[in-house]
Amino acid sequence: MTPSTPAIVILGQGSLATARRIQQVYPAAQIHGLAGRVEGADCTYQEFGATLRALYQQDTPIIALCAAGIVIRTLAPLLLEKGVEPAVLAVAEDGSAVVPLLGGLGGVNVMAREIAAGLQVSAAITTSGELRFGTCLLNPPSGYALADLELGKRFVSDLLAGHSVHIEGAAPWLAQAQLPEDPQAQRSIHIGSAEREANANELLIYPRSVAAMVSAEVPDLPNTLRSALHEAKLAVQSLACLVAIDTEMAAANLREAALELGVPLRFIAATSDLHALPDVSIIGSAHGITLAVSEQPLDVAQIGRPRGRLAVIGLGPGAAELMVPAVKAELARATDVLGYETYVRMAGPFRDDQIQHCTDNREEMQRARHAFRLAAEGRSVIVVSSGDPGVFAMAAAVLEALHESTDPAWHSVDLEILPGVSASLATAAQAGAPLGHDFCVMSLSDNLKPWSIIEKRLDLAAEADLALAFYNPISRARPWQLGRALEIVAQHRTPETPVVLGRDIGRPGQTLRTTTLGALTADQVDMRTMVLIGSSTTCTFPRATGGEWVYTPRWYGEKPDA
Ligand code: SAH
C-alpha cells in the first residue's frame, strides 16, 4: 500500500522556506499555513489544535514545523484510542532537526530519513531496535508481511535484551540488517509462505509470494480461496495478488474479494495463465482456483495489468479547502492527468511519476477518448474540471465518448465521477443564500446550442420567477449575448432585483459585488465571472462588517407564521 500524502503544517512565515524544501521530497503534500500568520501557503487553517487532530484522525501523515512538545500536547488526547496511526514528525522551523514522534509502523523513521536527506541534516531516530539492527523488524518492506505484531514486539525486545537469533529462509533485506545472528540461537526468524503456527521463540514473516488465478464464477471467492490456500498448506498472508482474465475486468465480486483479502487484483489475456510467470511452481486446485508459488515475493506490478481507472473530478472553485477529500485522494493516486492547462496546474503540484497531458479547452471529446485509451491500458487517469465536473464540464463528454464506443476495454474501465463545489454555489455562499429557493442554472454560451433556445429558456425561467445563475456569461467571441439576456430578464423582474457578481471566487484576487438588475451592465462582467440574479423575493440587508447579505427566503407567496 502506498502511504497517503503527508500534510505539512506551519505556524509562521519563518517556516515557509523549510516547508517548501520538504515539499520537494513529497511534491503532492500541501503546506497548511495558519490564517493571518502565513502568506503564500497552499491552504490555510484557523486553529492549530483542531487541524492537527483532524489530520491525525484521517490517518494523514503530519509534518509539523514547530516544537515537538506542541505536537505531543495537541495530539495527546487521541493517542490512547488509536491502534494504527499515521506518521507524525516535528521539524525545526529552520530545518536543522527532524524528529519522528509517532507512527513507527506507519514508516515514520523512513520519512524522517527522507526529510532529513532533503534538508541535509540527520534524523533523530530513537527506536532502539532500528538503531541497533538497522531495520525495523516490525515494519518489513513491501513484499513481506509480519504474522503478529504483539508477538513481534516481544521478540524485538528479547533481541534488545541480548538474545541472539538465527534466520530460516531467505530474506535479502534481513541480510543487510545488523542482527545478533548465531546459528545455535534459540530464537529464530522464519521466512516462508507455508501456513504455520509460530513457536514460542519464533518471529514469522511471510513473503508475499503466492498468486491466485481466480474467476468471477467461483462462489464465495474469499472463503473458497482461503480453503484452497489451506489445502495447499499456504498461509493467507503469503497471498500477493489475485489474477483473473481481462474479460472479467468489471466483475464486482472479484473487486470485492481483492478488497476483503487486502491484495491487488491483476488481469491477464484469456490466452495466458500463471505458467507465464517466471520461477513459480503451479498448484492446481479443485475449487476452480490455481495457485502459483514463488520462492521470493512476487513483483505484482509485473503480473498482467490492473483494471484501469478513469476519474472525472471537480476541483471546486479553486481554494484547496473547497476541494472534497475524495478528489484529493484521487489526485494522489493518479498516473495521468488530463485537462485544460489552467485546471491541471490548479490541481497540482504533481510528482515526477505523474504524467500531465495539457490540452486546449475546445477539444473535449478528443480529451475524453484519450482518457479512455490510457485507462484501458490499466493506468489511473484523471480528467480535471473546475467546480463540478457535471456542470458545463467534462463529465458529460466522457460519458458521451463511452456511450459511442463499442470497445469492451473502455466499458471495463473503473469510471467514477467525483463532484466539486460549483462556481454558482461557491459564489452564492459568499454572498449569503441568493439561491436559497428554487433556481435555474444556465450557460449563456451559444457555442454548443443555438442562441434561440437560450432566449426561450431565459424567458421562461424569468417568467417562472426562478433565481438565475449564469455560467459563461460573456467572452470576446460572444460580446452582445449577455446584454440581450439581461433585456429578457428585465421584462419579468424589477430594476431593484438583487444581482451578485462573483469573479475568480476561491482564487487569488477574488471579488464579490452586489448590485441590482437595473444597474448591471455587460462591461461589469467577464468570462471569469458568475452572475446570480435574484427572484422577486430575493432581498438584501447590511452586514456588520460592511457590504451586504443577499438571500432568497425558503418560503414563497405568504410568509408562514413563525
Ligand atoms: N464546471 C464549472 C463551470 C465551468 S463553465 C463549475 O462547476 O463551476 C465556466 C464558467 O464558470 C465561467 O465562465 C464562470 O462563469 C464560471 N466560473 C468558474 N469558476 C469560477 C470562479 N472561481 N469564480 C466565478 N465564476 C467561475
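One-based numbering, in listed order, for ligands and for the atoms of each. One-based numbering along the sequence shown.
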Atom 1 (N) of ligand 1 - nearest protein heavy atom and its distance:
Val391 O, 2.7 Å
Check against side chain to side chain contact (heavy atoms under 4.5 Å, CB included), Val384 and Val337
CA-CA 7 Å; Val384 282; Val337 185; 4.3 Å; yes
Among the heavy atoms of Gly318, does any lie under 4.0 Å from an atom of ligand 1?
no
Under the ring-ring contact (aromatic ring centres under 6.0 Å, His included) test, which residues partner His492, sequence neighbours left out?
none
What protein heavy atom sits nearest atom 19 (N) of ligand 1, and how far off is it?
Arg507 NH2, 3.3 Å
Which heavy atom of the protein is the closest neighbour of atom 11 (O) of ligand 1, given with residue, atom name and distance?
Tyr471 CD2, 3.3 Å
Does a sphere of radius 6.0 Å around NZ in Lys456 hold more than 12 heavy atoms from other residues, nucleotides or ligands, not counting ones at 6.0 Å or beyond?
no
If you count heavy atoms of other groups shown closer than 6.0 angstrom to CZ of Arg507, is the number above 12?
yes
Quick one: do Trp410 and Leu415 satisfy side chain to side chain contact (heavy atoms under 4.5 Å, CB included)? Show the steps, please.
CA-CA 9 Å; Trp410 286 26; Leu415 172 65; over 6 Å; no
Basic-acidic side-chain contact under 4.0 Å: Glu548, Arg543:
no
Under the ring-ring contact (aromatic ring centres under 6.0 Å, His included) rule, collect the residues that match up with Tyr471, sequence neighbours excluded.
Phe392
Pro473: heavy atom below 4.0 Å from ligand 1, yes or no?
yes
Which of the atoms of ligand 1 are close to Ser386, meaning less than 4.0 Å from one of its heavy atoms?
1 (N), 2 (C), 6 (C), 7 (O)
Flag if over 12 foreign heavy atoms under 6.0 Å of CZ, Arg20:
yes
Which of the atoms in ligand 1, numbered in the order shown and given with their element, are less than 4.0 Å from a heavy-atom of Met527?
12 (C), 13 (O), 14 (C), 15 (O)
Atom 21 (C) of ligand 1: nearest protein contact (heavy atom, Å):
Ile505 N, 3.6 Å
Ligand 1 to Arg503 polar contact by distance, N or O atoms, under 3.5 Å
no
May I ask you to identify the nearest protein heavy atom to atom 10 (C) of ligand 1, giving residue, atom name and distance to one decimal place in Å?
Asn472 OD1, 3.5 Å
Below 4.0 angstrom from a heavy atom of Ala393, which ligand 1 atoms are there? Numbered from 1 as shown, please.
1 (N)
Please identify which atoms of ligand 1 are closer than 4.0 Å to at least one heavy atom of Ala423.
6 (C), 7 (O), 8 (O), 16 (C), 17 (N), 18 (C), 19 (N), 20 (C), 25 (N), 26 (C)
Heavy atoms from other residues, nucleotides or ligands near CZ of Arg351 exceed 12 (cutoff 6.0 Å):
yes
Side chain, backbone, both or neither: which part of Thr529 has a heavy atom under 4.0 Å from ligand 1?
backbone
Test of understanding: given a 4.0 Å heavy-atom threshold, classify the contact between Arg528 and ligand 1 as side chain, backbone, both, or neither.
backbone
What are the atoms of ligand 1, with element, lying closer than 4.0 Å to any heavy atom of Phe392?
4 (C), 5 (S)
Run the side chain to side chain contact (heavy atoms under 4.5 Å, CB included) check on Met111 and Leu89 step by step: do they pass?
CA-CA 8 Å; Met111 282 181 68; Leu89 302 101; 3.8 Å; yes
Flag Ser422 as yes when one of its N or O atoms lies below 3.5 Å from any N or O atom of ligand 1, and as no otherwise.
yes
